[in-house]
Amino acid sequence: MTVRIVTDSTSDLPIEQAKALGIEIVPLTVAFGDDAYLDNVEMDNAAFYQKLQGSKELPRTSQPAPARFQETFTRLIQEGATGILSVHLTSQLSGTYQSACTARDALPEDLRKIPIEIVDSTSVSVGMGYPVIKAAEEAQAGLGLEEIKAHLVDRLERTRIFAVLDTLEYVRRGGRIGGATAMLGNVLNIKPIISLKEGVVVPVERARTRGKAYARVAQILQELGPIEYLAIAESSEEVGQQLSEALKPIYSGDIAIWKLGAALGTHTGPGTAAISVVTAK
């Protein structure tokens, strides 16, 4: 049995690791005015943040068309896939999940004989990346589709994601991350902590300095109990290193460092650091 794993570029998976595990990444599109780029294909994360800082307009992100998913599913089946698990960012922030469902349902009858399970991760970035990696490892080990999906869902349910923003300016300009706008008040010079709850962005707290915000995140993680996996998604090496140092007093294991992509970066801005934790069973 050969189960193949599909995700989208908002997973922020390291490209080489994804290739090694046979994970197919379907890119979203990032547009600055009339210039559109395939996320992390035609524009990498470093170039994105450089362009974001110099842009007067907030960029737009758009979901992949169903045709792109249909091409991916068709190709994987033709390559011998006996099942496909397709995992995507929260449907509360994007139509990507629905686009994948539309593509599956529109496949020709002969291709629909191959089971395709599509999962709304209710997360994004490092919050869904690790469960996707483990699913791919299990697929390579020969596990079946339903078992892999069950393990994936279990890990997603044990995952929490937090992000510390350097500024609320991009939240104000974009207005697309729900309850976080409640933190605006009359001052933008704060470092807000946000999280996802059932796929929706929610405010957690706000701090006066980045250091205090990172210390508070460390305290929150410590209160969650034993940790199976911990990863940081950085918009820059500076914030990634600072957050990593803040976590050392409460976590002695390895901390994976990922690059934070355009999906979150568009709406949270430069200087953002996200952290994902999977609690142990």
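One is the number of the first residue; the rest follow in order along the sequence.
For the atom pair Ser11 OG and Ile5 CD1, the distance stands at 12.0 Å (nearest 0.5 Å). Taking OG of Ser276 as the reference point, atom OH of Tyr229 lies at 7.5 Å (rounded to 0.5 Å). Separating the OG1 atom in Thr159 from the CE atom in Met128 is a distance of 11.5 Å, to the nearest 0.5 Å. Taken to the nearest 0.5 Å, the CG atom of Asn45 stands 12.0 Å off from the OG atom of Ser236. Ile15 contributes atom CD1, which lies 10.0 Å from atom CG of Asp44 (distance to the nearest 0.5 angstrom). Taken from CD1 in Ile114 to CZ in Arg104, the straight-line distance is 14.0 Å, to the nearest 0.5 Å.
In Gln219, the CD atom is crowded: over 12 heavy atoms of neighbouring residues, nucleotides or ligands sit closer than 6.0 Å. Atom CG of Asp110 has more than 12 heavy atoms from other residues, nucleotides or ligands within 6.0 Å. Counting heavy-atom neighbours within 6.0 Å of Glu223 CD, excluding the residue itself, gives a total above 12. Few gaps surround CD on Glu79; more than 12 heavy atoms of other groups in view lie less than 6.0 Å from it.
Within the 3.5 Å criterion, the main-chain N or O of Leu58 finds no donor-acceptor partner in the side chain of Ser55. A donor-acceptor contact shorter than 3.5 Å links the side chain of Gln70 to the backbone of Ala106. Checked by atom type and distance alone, the side chain of Lys212 never pairs as donor or acceptor with a backbone atom of Ala207 at under 3.5 Å. Using modelled atom types, one side-chain atom of Tyr49 and one backbone atom of Leu260 make a donor-acceptor pair closer than 3.5 Å. Remark: side-chain polar atoms of Arg4 are paired, donor with acceptor, to backbone N or O of Gly22 under 3.5 angstrom. When atom types are taken as modelled, the side chain of Arg158 and the backbone of Thr279 share a donor-acceptor pair closer than 3.5 angstrom.
At a threshold of 4.5 Å between non-hydrogen side-chain atoms, the residues Tyr37 and Lys51 count as touching. Taking the side chain as every heavy atom from C-beta outward, Leu52 and Pro270 approach each other to under 4.5 Å. Counting heavy atoms from C-beta outward, Glu234 and Ile257 have side chains that approach closer than 4.5 Å. Counting only heavy atoms from C-beta outward, the side chains of Pro27 and Asn40 never approach each other to under 4.5 Å. Within the 4.5 Å cutoff, the side chain of Leu221 has heavy atoms near those of the Leu224 side chain. Looking at heavy atoms from C-beta onward, Arg208 lies in side-chain contact with Ile190 at the 4.5 angstrom threshold. Side-chain contact check for Glu237 versus Lys259: some heavy-atom pair is nearer than 4.5 Å. Two residues are said to be in side-chain contact when any heavy atoms from C-beta on lie closer than 4.5 Å; Leu85 and Val6 fail this criterion.
The hydrophobic cluster containing Trp258 also contains Leu156, counting ILVMFWY residues as joined when their side-chain heavy atoms lie under 4.5 angstrom apart, directly or transitively. Residues Leu13 and Leu76 fall into different hydrophobic clusters, defined by Ile, Leu, Val, Met, Phe, Trp and Tyr side chains chained together at heavy-atom separations under 4.5 Å. Criterion: ILVMFWY side-chain heavy atoms under 4.5 Å apart, direct or through other members. Under it, Leu28 and Ile118 are not part of a common hydrophobic cluster. At a threshold of 4.5 Å between side-chain heavy atoms, the hydrophobic network of Ile, Leu, Val, Met, Phe, Trp and Tyr places Val153 and Leu145 in two separate groups. No path of Ile, Leu, Val, Met, Phe, Trp and Tyr side chains, each step under 4.5 Å between heavy atoms, connects Val26 with Val87, placing them in separate hydrophobic clusters.
Within the hydrophobic cluster formed by Ile, Leu, Val, Met, Phe, Trp and Tyr side chains joined at under 4.5 Å, directly or through other members, Val41 is accompanied by Leu38.
Leu89 and Asp8 get closest at one heavy-atom pair: N-OD2, 3.3 Å. Pairing each heavy atom of Ser99 with each of Pro64, the nearest pair is OG-O, 2.6 Å. In terms of heavy atoms, Ile232 sits closest to Gly240 at CD1-O, 4.0 Å. Scanning all heavy atoms of the two residues, the minimum distance from Val239 to Gly271 falls at CG1-O, 3.6 Å. Considering every non-hydrogen atom in both Gly80 and Thr2, the closest pair reads O-CB, 3.9 Å. Taking both residues in full, the closest heavy atoms of Thr90 and Gly199 are given as OG1-O, 2.8 Å, listed atom of the first, atom of the second, then distance.
Using bins of under 30°, 30° to 60° and over 60° for the plane-to-plane angle, the ring pair His88/Phe69 lands in the perpendicular bin.
Here side chain to side chain donor-acceptor pair (under 3.5 Å) pairs that include residues 115-125, with residues two or more places apart or in two chains, are Asp12-Ser125, Ser91-Asp120, Glu117-Lys149.
Checked options Leu247, Ile193, Ile161, Ile220; the residue passing with Ile275 is Leu247 (criterion: side chain to side chain contact (heavy atoms under 4.5 Å, CB included)).
No side-chain donor-acceptor contact under 3.5 Å links Gln78 and Arg75. Judged purely by distance below 3.5 Å, without hydrogens or angles, the side chains of Tyr251 and Gln222 never pair a donor atom with an acceptor atom.
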Practice item. Given side-chain contact (heavy atoms from CB on, under 4.5 Å), test Val30 with Glu42 step by step and report yes or no. Key: CA-CA 10 Å; Val30 183; Glu42 298 171 331; over 6 Å; no
Check your understanding: Tyr130 and Glu228: side chain to side chain donor-acceptor pair (under 3.5 Å), yes or no, with the steps?
Key -> CA-CA 11 Å; Tyr130 174 68; Glu228 175 183 319; 3.0 Å; yes
Point to revise | Stepwise salt bridge (charged side-chain N to carboxylate O under 4.0 Å, His left out) test for Glu245 and Lys248 | key: CA-CA 5 Å; Glu245 288 295 322; Lys248 285 182 178 179; 2.9 Å; yes
Practice item. Go through the steps to decide whether Ile133 and Leu21 satisfy the test side-chain contact (heavy atoms from CB on, under 4.5 Å), and finish with yes or no. Key: CA-CA 8 Å; Ile133 285 173; Leu21 290 169; 3.8 Å; yes
Review point. Checking side-chain contact (heavy atoms from CB on, under 4.5 Å) for the pair Ile116/Leu107: CA distance, chi angles, key distance, verdict?
Key: CA-CA 11 Å; Ile116 301 176; Leu107 285 171; 3.5 Å; yes
Review point. Can you check side-chain contact (heavy atoms from CB on, under 4.5 Å) on Val124 and Leu264, steps first, answer last?
Key: CA-CA 8 Å; Val124 69; Leu264 265 182; 4.0 Å; yes
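A salt bridge links Arg210 with Glu238: the distance from a Lys NZ or Arg NE/NH1/NH2 to an Asp or Glu carboxylate oxygen falls below 4.0 Å. Under the 4.0 Å criterion applied to side-chain N and carboxylate O atoms, Asp154 and Lys281 are assigned as salt-bridge partners. Between Lys134 and Glu137 a salt bridge is recorded (basic side-chain N to carboxylate O distance below 4.0 Å).
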